[in-house]
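Naming convention: chains lettered A, B, ... in sequence-line order (proteins, then strands); numbering from 1 in each chain. Note that these values count all heavy atoms, side chains included, but never hydrogens, waters or copies made by symmetry.
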Protein chains: 2
Amino acid sequence: MPPPSPTSAHSPPPPSLTPPAHRLRHALLDMLADKAVGHGTRLPSERQMMASFGTTRITLREALTLLEAEGRIYRENRRGWFVSPPRLRYDLLACLPFREMVESQQRRADTYVLEATRRPASARIAARLGIMEATPVYHIVRARHVDGRPVLHVEHHLRTDCFPGILDHDLESRSLTELYRSHYGIRVSRVSFELCSTVLDERAADALRAAAGGPAQRVTRINYDQNGRAIDCDDELWRHDAIELTLSAAPQSGS
Amino acid sequence: MPPPSPTSAHSPPPPSLTPPAHRLRHALLDMLADKAVGHGTRLPSERQMMASFGTTRITLREALTLLEAEGRIYRENRRGWFVSPPRLRYDLLACLPFREMVESQQRRADTYVLEATRRPASARIAARLGIMEATPVYHIVRARHVDGRPVLHVEHHLRTDCFPGILDHDLESRSLTELYRSHYGIRVSRVSFELCSTVLDERAADALRAAAGGPAQRVTRINYDQNGRAIDCDDELWRHDAIELTLSAAPQSGS
DNA sequence: GAGTGGTCTAGACCACGTT
DNA sequence: ACGTGGTCTAGACCACTCG
């Protein structure tokens, strides 16, 4: 039955001049704002919303995806949609250990080690660390949570000659930079970053209870010691709605 | 490791046990890689691809949207899909004028002034500049292109007491920071940034020939002079596939 | 086992860009 | 005027989560 122009038979939501997607977006925003839906609250099921807003699944999903891209909601793989908590502020040059950064913002931090091995450096890693390809490096992969929500998947590669035996330490409770200093007498004296917006790969995605292909912020970092030698490098993948990067410094005069 | 489907194959042509979306993604990637599709090339029309890959419009669009999120392709509003050029490297602390940054990477820069007015500062702008709300500021909005592609929508707010009459200069050809120095004897001696990944708002979207809601990288900046006084602030919205932010500095010891 | 999100089908109409 | 992308309809099946 292609409805040519019935125009009124079944109108719970009065007709509209604005496109459904817009109305939907606003309706959802109202829901996020008006109700007592706090951070981390789960939204009603898609079918429920679809019924109560009088739309199709696809249209609804498009509106939800838009809000996700805006960073107002996020989804957990096959578990539903949730209201995004405020972004964590991540000061790139403060170089605070994760736990301290999080706790200084009145949030709770948890870390889980997914992998801690020694293995030969790939060409890419070797280049970043300034060592020969296939030289052994320590490889540490961790998932980090804020207020119980997994938001960061990070992979570290450390020079073994700088940090012998570091894998024997407790890598869930202790910060790496703190270990560097207290056990190895090494301080980070320069950092360099590359930041770009991409998607979660499969590994990161399931560590973050997310779907591969979801929006992500990549932060790659190389740490240097006082002699200008690269001592380790990180690859961080953040859920894109979870952070806001900040930084304050004097511009470089040279060049 | 979730091995639900028998094939987690990453081989080029996985016949038809893998879900359509995966096959599609790989087919499209092959297209991007194998063919002589250079940067900026337009992809075939959706209906054409849909036919040649044997899928539905929706499924195809999902695959395209994924590649867009990865930064491999982008779309221009109602004009089609295009192959993303390599990302421009944007060194946050180099503080190079846009044109120089772009040209130093063998690309071509263009700037278009969309607005150049004097108007009272909003509460938000006033707070960032450390002035009273409703104090007049110069408001400059520009669109910036790389190799003919619009990639950046940027809004500047300048203190009028620092830069009297600056609107009379040619703001399309000359860089602001260069004007600051040459005409006003003011040098930027400190910058602070906030970076976060969001979406294009409507204004930015149509300046960038994009659709509102497309993925974007926001860069907000405040520039300070040698006395620590905020002299201007920027709000930049980049097409997210167009840039990679970089930065290298000594971590802050204090605090 | 019920209900959820994830995925997919097979169409359609519209507004706009390009010809 | 035609073809494009943008949007929408009205379903369906599956894999997974959760009670």
Side-chain angles (χ1 to χ4, degrees), chain A residues 1-7 9-11 13 15-25 42-69 73-82 199-200 202 205-206 209-214, chain B residues 1-8 16-25 27 42-69 73-82 199-200 202 205-206 208-214:
Chain A
M1 296 217 337
S5 53
T7 64
H10 52 353
S11 53
S16 53
L17 289 176
T18 51
H22 276 52
R23 284 185 299 133
L24 245 185
R25 198 183 96 92
R42 188 172 173 283
L43 269 50
S45 86
E46 290 184 1
R47 284 166 178 82
Q48 228 168 306
M49 291 195 265
M50 173 183 143
S52 70
F53 293 126
T55 358
T56 318
R57 188 92 177 282
I58 291 191
T59 305
L60 171 66
R61 273 182 136 253
E62 196 179 298
L64 290 168
T65 302
L66 179 59
L67 291 173
E68 179 190 38
I73 61 178
Y74 65 97
R75 68 178 106 180
E76 294 205 345
N77 214 355
R78 289 180 179 282
R79 285 171 23 92
W81 297 87
F82 300 83
V199 296
L200 298 173
E202 207 164 306
D206 60 46
R209 294 202 292 264
Chain B
M1 300 297 178
S5 44
T7 51
S8 63
S16 52
L17 285 175
T18 52
H22 277 52
R23 283 186 298 135
L24 244 185
R25 198 182 96 90
R42 187 172 175 285
L43 270 51
S45 86
E46 291 184 1
R47 284 166 177 84
Q48 228 168 306
M49 292 195 266
M50 172 184 146
S52 71
F53 293 126
T55 359
T56 317
R57 187 93 176 279
I58 292 192
T59 306
L60 171 66
R61 272 181 137 252
E62 197 179 298
L64 290 168
T65 303
L66 179 59
L67 291 174
E68 180 191 37
I73 61 177
Y74 65 97
R75 69 178 106 179
E76 294 205 344
N77 214 354
R78 292 181 178 280
R79 283 172 24 92
W81 297 87
F82 300 83
V199 295
L200 297 172
E202 207 162 307
D206 61 47
L208 301 184
R209 294 202 294 263

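The CZ atom of Arg209(B) sits 16 Å away from the C1' atom of dT4(D) (whole-angstrom rounding). In this entry the distance linking CG of Leu66(B) with P of dT7(C) reads 10 Å, nearest Å. We find that CD1 of Ile58(A) is positioned 15 Å from P of dG5(C), with the value rounded to whole Å. Taking atom CG on Leu60(A) and atom P on dG5(C), their separation rounds to 9 Å, with Å as the unit. Rounded to whole Å, the distance from CE on Met50(A) to P on dA12(D) is 11 Å. Rounded to whole Å, atom P of dC8(C) lies 15 Å from atom CZ of Phe53(B). Rounded to an integer number of Å, the gap from Glu62(B) CD to dT9(C) C1' is 13 Å. One interatomic measurement links the two molecules: CD of Gln48(A) to C1' of dA2(C), which rounds to 14 Å at whole-angstrom precision.
Note that CG of Leu208(B) is 6.0 Å distant from CG of Leu200(B), once rounded to the nearest 0.5 Å.
DNA chain D is contacted by both Ala211(B) and Thr56(A); Ala211(B) maps to the nucleotide lying nearer its 5′ end (nearest heavy atom per residue). The residue among Arg57(B) and Gly54(B) whose nearest nucleotide of DNA chain C lies closer to the 5′ end is Gly54(B).
With hydrogens and angles disregarded, no donor-acceptor distance shorter than 3.5 Å links the side chain of Thr56(A) to the backbone of Thr59(A).
Between Thr59(B) and dT7(C) there is no side-chain N or O to OP1 or OP2 distance below 4.0 Å.
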Assess the residue pair Glu68(A) and Trp81(A) against the criterion (side chain to side chain contact (heavy atoms under 4.5 Å, CB included)); give the C-alpha distance rounded to whole Å, side-chain angles, the decisive distance to 0.1 Å, and a yes or no. CA-CA 9 Å; Glu68(A) 179 190 38; Trp81(A) 297 87; 4.1 Å; yes
Could you please spell out the steps behind the side chain to side chain contact (heavy atoms under 4.5 Å, CB included) verdict for Met49(A) and Leu64(A)? CA-CA 11 Å; Met49(A) 291 195 265; Leu64(A) 290 168; 4.2 Å; yes
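Here Arg75(A) lies in heavy-atom contact (under 4.0 Å) with sugar-phosphate atoms only. Contacts of Ser45(A) with the nucleic acid, taken as non-hydrogen atoms under 4.0 Å apart, involve only primed sugar atoms and P, OP1 or OP2.
Residues Ala211(B) and Ala205(B) come closest through the heavy atom pair C-CB, 3.6 Å. Minimum heavy-atom separation, Arg42(B) to Ser45(B): NH1-N, 4.4 Å.
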Sugar-phosphate means primed atoms, P, OP1 and OP2; the rest is base. With that split, encode nucleotides 14-19 of chain C 5' to 3' as B, S or - using protein heavy atoms under 4.0 Å. -BSSS-
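The shortest side-chain heavy-atom distance between Asn77(B) and Asp206(B) does not fall under the 4.5 Å cut-off.
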